[in-house]
Enquirer: 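Take a look at the following structure, please.
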Amino acid sequence: QETVDALGHSYNSVVTAPTFDAEGYTTYTCSVCNHSYVSNNVPALVAVAKIGDIRFETLQAAFDAAKDGDVIPLVADVKASKYLDVKTANNGEVARNFTLDLNGHDISPADGYNYNSGYSLIFVGINQTLTIKGEGTITADKKVTVGVYGVLNLVGGTIINNGTSDEDAALCIWHWDPAVDGDDYGHVVSGTGVVTGGTIEGDVYCEEGGAKLTVNVNENITLDQALAIGGTITLTKDVNYGEADFVIPSAVTINLNGHS
């Protein structure tokens with residue numbers, strides 16, 4: 001009787017990538033005997049934001065994919081590993097206007113976040129309009145929490161900066177002059193901020209030269225809050241301030257807008 005050595009296994013592998021609904025894995029199949037087994041399991045993806053039915057692992061990916069008129073609700077807290085950039089290619093060549101709905105979640109830096117990696121935790125570039133609404137917080141421990149060269153509409157949420165230096169701010173509306181700041185943009189750029197709701201905890205800067213900040217006194221923003229924020233304060237209703245005097249800072253303008 002002749003003895004023949006076993007051929008042995010020769011496995012080919014096929015990788016199945018994880019999705020938001022199922023874990024990933026690798027299937028090994030023997031080309032000799034068709035025996036197969038599964039190994040190298042990878043956890044399912046975890047979404048932090050979505051646009052319609054499309055889910056995103058990072059808020060930056062959602063920002064990059066957003067189109068004019070989109071709403072991005074958070075579905076989990078965001079720990080940013082680097083600054084979050086709201087802009088398109090070629091410094092905002094494509095104008096967009098979209099909304100970030102905090103939806104009860106928070107945005108903050110991840111452990112090891114490099115505060116020198118960008119201008120601010122969230123950077124709103126030129127030709128970009130970002131509306132922030134919903135309940136939740138956006139927090140930085142220093143530098144700038146939200147910086148704006150485009151347009152920011154603050155409708156809800158809380159912007160926080162825990163820094164203590166003169167360079168730290170919760171909100172900064174920037175102005176760029178190529179003659180002074182360099183030719184990064186090739187022309188003068190001025191940001192705009194419009195605050196109609198939400199809360200700001202920390203300093204607010206509106207750079208001279210063309211940057212604009214408007215705070216609307218309404219059912220969401222009191223006159224005290226508006227004075228603390230600064231910029232141009234526009235009344236959208238009559239304000240009863242009682243008998244007490246109040247001081248209007250020199251950098252603040254009040255637009256009565258037909259009210260008193």
Side-chain angles (χ1 to χ4, degrees), residues 49-51 59-60 62-74 78 83-88 91-92 94-107 119-140 144-161 169-176 189-207 210-223 225-237 252-255 257:
K50 64 179 183 177
I51 301 175
L59 182 54
Q60 184 63 65
F63 281 167
D64 292 343
K67 295 180 174 58
D68 198 48
D70 279 344
V71 177
I72 304 173
L74 297 185
V78 174
Y83 77 100
L84 298 163
D85 203 353
V86 180
K87 72 175 185 179
T88 54
N91 282 327
V94 178
R96 299 180 300 168
N97 183 337
F98 62 91
T99 297
L100 170 64
D101 183 355
L102 296 174
N103 196 30
H105 296 287
D106 303 321
I107 301 172
Y119 300 104
S120 52
L121 180 61
I122 295 181
F123 173 73
V124 183
I126 62 173
N127 291 330
Q128 307 297 294
T129 299
L130 177 66
T131 297
I132 298 175
K133 71 174 186 177
E135 297 295 325
T137 62
I138 304 172
T139 304
V144 176
T145 307
V146 178
V148 182
Y149 274 126
V151 178
L152 173 73
N153 294 312
L154 183 63
V155 177
T158 302
I159 299 176
I160 302 170
N161 192 286
L171 175 63
C172 191
I173 312 300
W174 282 312
H175 173 78
W176 185 279
V189 176
S190 295
T192 299
V194 180
V195 179
T196 59
T199 304
I200 299 175
E201 298 180 9
D203 289 341
V204 176
Y205 295 145
C206 185
E207 290 190 327
K212 299 177 181 178
L213 174 63
T214 299
V215 184
N216 289 351
V217 177
N218 53 32
E219 65 275 7
N220 298 315
I221 297 288
T222 67
L223 183 56
Q225 290 172 316
L227 288 169
I229 295 170
T232 298
I233 298 172
T234 300
L235 302 186
T236 61
K237 66 175 184 177
V252 170
T253 300
I254 293 185
N255 175 14
N257 194 31

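Everything numeric in this text was worked out from a predicted model, so none of it was measured.
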Enquirer: Check T196 against N216 and note the closest heavy-atom contact, atom names and distance.
Expert: CG2-ND2, 3.4 Å
Enquirer: Identify the heavy atoms of S120 and G147 that sit nearest to each other, and give their distance.
Expert: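 Heavy atoms only, the tightest pair is OG-N, 3.3 Å.
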Enquirer: Rounded to the nearest 0.5 Å, what's the gap from CD1 on I200 to CG on L171? Could you check?
Expert: 5.0 Å
Enquirer: Quick check: do L130 and V146 have side-chain heavy atoms less than 4.5 Å from each other?
Expert: no
Enquirer: Donor-acceptor pair, N97 side chain versus D68 backbone, under 3.5 Å?
Expert: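 No, the answer is negative, given that no donor and acceptor are paired below the 3.5 Å cut-off.
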Enquirer: Can any side-chain N or O of Q128 pair as donor or acceptor with the backbone N or O of G150 at less than 3.5 Å?
Expert: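 No, the answer is negative, given that no donor and acceptor are paired below the 3.5 Å cut-off.
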Enquirer: Could you work out, with side chain to side chain contact (heavy atoms under 4.5 Å, CB included) as the rule, every residue matching Y83, not counting sequence neighbours?
Expert: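 With neighbours one apart ignored, the set is D85, Y113, S117, F123.
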Enquirer: If the condition is side chain to side chain contact (heavy atoms under 4.5 Å, CB included), which residues does N103 pass it with, not counting sequence neighbours?
Expert: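 Residues passing side chain to side chain contact (heavy atoms under 4.5 Å, CB included) with N103: P73, D101, H105.
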Enquirer: Tell me which donor-acceptor pairs under 3.5 Å the side chains of residues 153-161 have, and how far apart each pair is, sequence neighbours excluded?
Expert:
unit_1: N153; atom_1: ND2; unit_2: T131; atom_2: OG1; d: 3.4
unit_1: N161; atom_1: OD1; unit_2: G163; atom_2: N; d: 2.8
unit_1: N161; atom_1: ND2; unit_2: K142; atom_2: O; d: 3.4
unit_1: N161; atom_1: ND2; unit_2: K143; atom_2: O; d: 2.9
unit_1: N161; atom_1: ND2; unit_2: T145; atom_2: OG1; d: 3.1
unit_1: N161; atom_1: ND2; unit_2: A169; atom_2: O; d: 3.1

Enquirer: Grab the two heavy atoms, one from K87 and one from G125, that are nearest each other, plus how far apart they are.
Expert: CB-CA, 4.4 Å
Enquirer: How close do C206 and A211 get, heavy atom to heavy atom, and via which atoms?
Expert: SG-O, 3.3 Å
Enquirer: Tell me the closest heavy-atom pair linking A49 and L74, and the distance in Å.
Expert: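 So the two residues come closest at CB-CD2, 4.1 Å.
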Enquirer: Any donor-acceptor pair under 3.5 Å linking the side chain of R96 with the backbone of F63?
Expert: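 Present.
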Enquirer: Could you pull out all residues at least two apart from T137 that satisfy side-chain hydrogen bond (donor to acceptor under 3.5 Å, both in side chains)?
Expert: D106
Enquirer: Compare every heavy atom of A62 with every heavy atom of I72, then report the nearest pair and how far apart it is.
Expert: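 In terms of heavy atoms, the two residues are closest at CD1-O, 3.7 Å.
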Enquirer: Starting at OH of Y149, measure out to OG of S190 and round the result to the nearest 0.5 Å.
Expert: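 Result: 9.5 Å between the selected atoms.
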Enquirer: Return the CD1 to CD1 distance between I132 and I107, rounded to the nearest 0.5 Å.
Expert: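 The distance works out to 7.0 Å.
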Enquirer: With a 4.5 Å cut-off on side-chain heavy atoms, are L100 and L59 touching?
Expert: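 SC-SC contact between L59 and L100 confirmed.
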Enquirer: Which distance, rounded to the nearest 0.5 Å, do you find between the OG1 of T199 and the CD of E135?
Expert: 8.5 Å
